[in-house]
Protein chains: 2
Amino acid sequence: MKQKNQSTVADPVPAKSEMDVLQILWQHGPSTVRFVHDILTEKKGNIQYTSTLKLMQTMTEKGLLMRDETNMKHIYSAVLEEKKTKGNALSKFLDNMYEGSVKSLMTALLGNEKTSPEELKVLEEMLHKLDKTK
Amino acid sequence: MKQKNQSTVADPVPAKSEMDVLQILWQHGPSTVRFVHDILTEKKGNIQYTSTLKLMQTMTEKGLLMRDETNMKHIYSAVLEEKKTKGNALSKFLDNMYEGSVKSLMTALLGNEKTSPEELKVLEEMLHKLDKTK
DNA sequence: TCTAAGGTACGATAAAAAACGTACGTTTAG
DNA sequence: CTAAACGTACGTTTTTTATCGTACCTTAGA
């Protein structure tokens, strides 16, 4: 009886652009397309307003967003919880890239330029401890 | 003079399926399509052999894989280095999901079911230290 | 009142990713 | 020798993402 995986295996992770939108909504709360679009535009290159609009409409159809249509300027908000969603993405990433091993992730972090010296130092200590624990 | 980002910013990350193939090649070394396909099949649902074949051929065209055609059973191998490739993916993931903050990643790990009790313990300690360091 | 600015709806397109199926060459067990 | 098993080549199709453009409302202000 081969079954999928009984643990919390994570609803499909939103696509990249979708995450960008969610990110903004989580950070600023319910917003108009215009608002999201402006932030998006300044973060990434110029995008057409209608592209952002369409994206958000699609996301709404998918159930990723919900919107208040009482006013002309619809107010969109994220349906998914930030923590949970990111957690799912993280799990998937871990599985895909590091066979689910947090320790492997750590090791990778150790060689990553995104990691600051301080973080690096503590990471090393951490790995030592993990080795002993094992 | 807005410029991209002079630091190692990461060649485009391979797509999901491509990563799966790379994963197998890194782990088992140069292999035939058949071999990769079998592993792939057992990990994910049933896939048509030719799909895997096509994927690997395409990847070869893209320069992700190279192959030895001296024998009928072509032997494929990964061109990219595992560590580097994963490092790039990690950087991107960090940026997209945790604004590049390793600490945030840690915190997320803390609440992730993929994290074992031992790892959890050390993670907590680590975060304490990071707080002090700041 | 009429118009320009700013909204939404929605069909369309483009490109990337994921999967197939058919045609055809090679090898090997009988 | 020959058929079944196993391989590769490659054109195609299906989805999913990412982006647009055009048509058409709504509202505030000259």
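Just so it is clear, the model here is predicted, and its values are computed rather than measured. Naming convention: chains lettered A, B, ... in sequence-line order (proteins, then strands); numbering from 1 in each chain.
Here dT16(D) presents its P atom at 8 Å from NZ of K62(A), a figure rounded to the nearest Å. The nearest whole Å value for the distance from the CG atom in N46(A) to the P atom in dA18(D) is 18 Å. Atom CD of E61(A) and atom C1' of dC10(C) are 10 Å apart (whole Å). Atom NZ in K73(A) sits roughly 18 Å away from atom C1' in dA9(C) (whole-Å rounding). Put simply, CE on M59(B) is 12 Å from C1' on dA17(C), counting in whole angstrom units. Rounding to whole angstrom units, CD1 of residue I75(B) and C1' of dT8(D) are separated by 13 Å. Remark: C1' of dC6(D) and CG of N71(B) are 15 Å apart, rounded to the nearest angstrom. In this structure, F35(B) places its CZ atom 17 Å from P of dC6(D), rounding to the nearest Å.
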Next on the checklist: Run K114(A) and D95(B) through salt bridge (charged side-chain N to carboxylate O under 4.0 Å, His left out) and show every step you take.
Outcome noted: CA-CA 9 Å; K114(A) 288 276 169 15; D95(B) 284 345; 3.4 Å; yes

Next on the checklist: Between E69(B) and R67(B), does the salt bridge (charged side-chain N to carboxylate O under 4.0 Å, His left out) criterion hold? Intermediate values first, please.
Outcome noted: CA-CA 6 Å; E69(B) 311 184 4; R67(B) 66 179 175 190; 2.9 Å; yes

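Taking every heavy atom of residues 47-56 of chain B and every atom of DNA chain D, pairs under 4.0 Å involve Y49(B), T50(B), L53(B), K54(B), by number.
Remark: the N46(B) side chain and the T41(B) side chain contain no N/O donor-acceptor pair separated by less than 3.5 Å. A donor-acceptor pair shorter than 3.5 Å can be found between the side chains of K86(B) and Q23(B). Side chain to side chain, E118(B) and S116(B) meet the donor-acceptor criterion of an N or O pair below 3.5 Å.
For K44(B) and dA19(C), the shortest distance from a side-chain N or O to OP1 or OP2 is not below 4.0 Å. The shortest distance between the side-chain N/O atoms of R34(B) and the OP1/OP2 oxygens of dC6(D) is not below 4.0 Å. Close to dA17(C), at under 4.0 Å from its OP1 or OP2, lies no side-chain N or O of K16(A). In terms of phosphate contacts, S17(A) brings no side-chain nitrogen or oxygen within less than 4.0 Å of OP1 or OP2 of dT17(D). Look at Q57(B) and you won't find any side-chain N or O under 4.0 angstrom from OP1 or OP2 of dT8(D).
Here OH of Y76(B) is found 12.0 Å from CE of M66(B). Values are rounded to the nearest 0.5 Å.
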Quick one: side chains of residues 53-60 of chain B, donor-acceptor pairs under 3.5 Å with protein atoms, not counting sequence neighbours, listed by atom name and distance.
residue	atom	partner	partner atom	Å
T58(B)	OG1	K54(B)	O	2.8
T60(B)	OG1	M56(B)	O	2.7

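In this structure, K44(B) pairs ionically with D20(B), as a charged nitrogen and a carboxylate oxygen lie closer than 4.0 Å.
For R67(A), taking side-chain heavy atoms from C-beta onward, the closest of the listed nucleotides dT8(D), dA9(C), dG7(C) is dA9(C).
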Enumerate the protein-to-nucleotides 24-26 of chain D contacts in which both atoms are nitrogen or oxygen and the separation is below 3.5 Å.
none

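Under the 4.5 Å side-chain contact rule for hydrophobic residues, F35(B) and V79(B) do not share a cluster.
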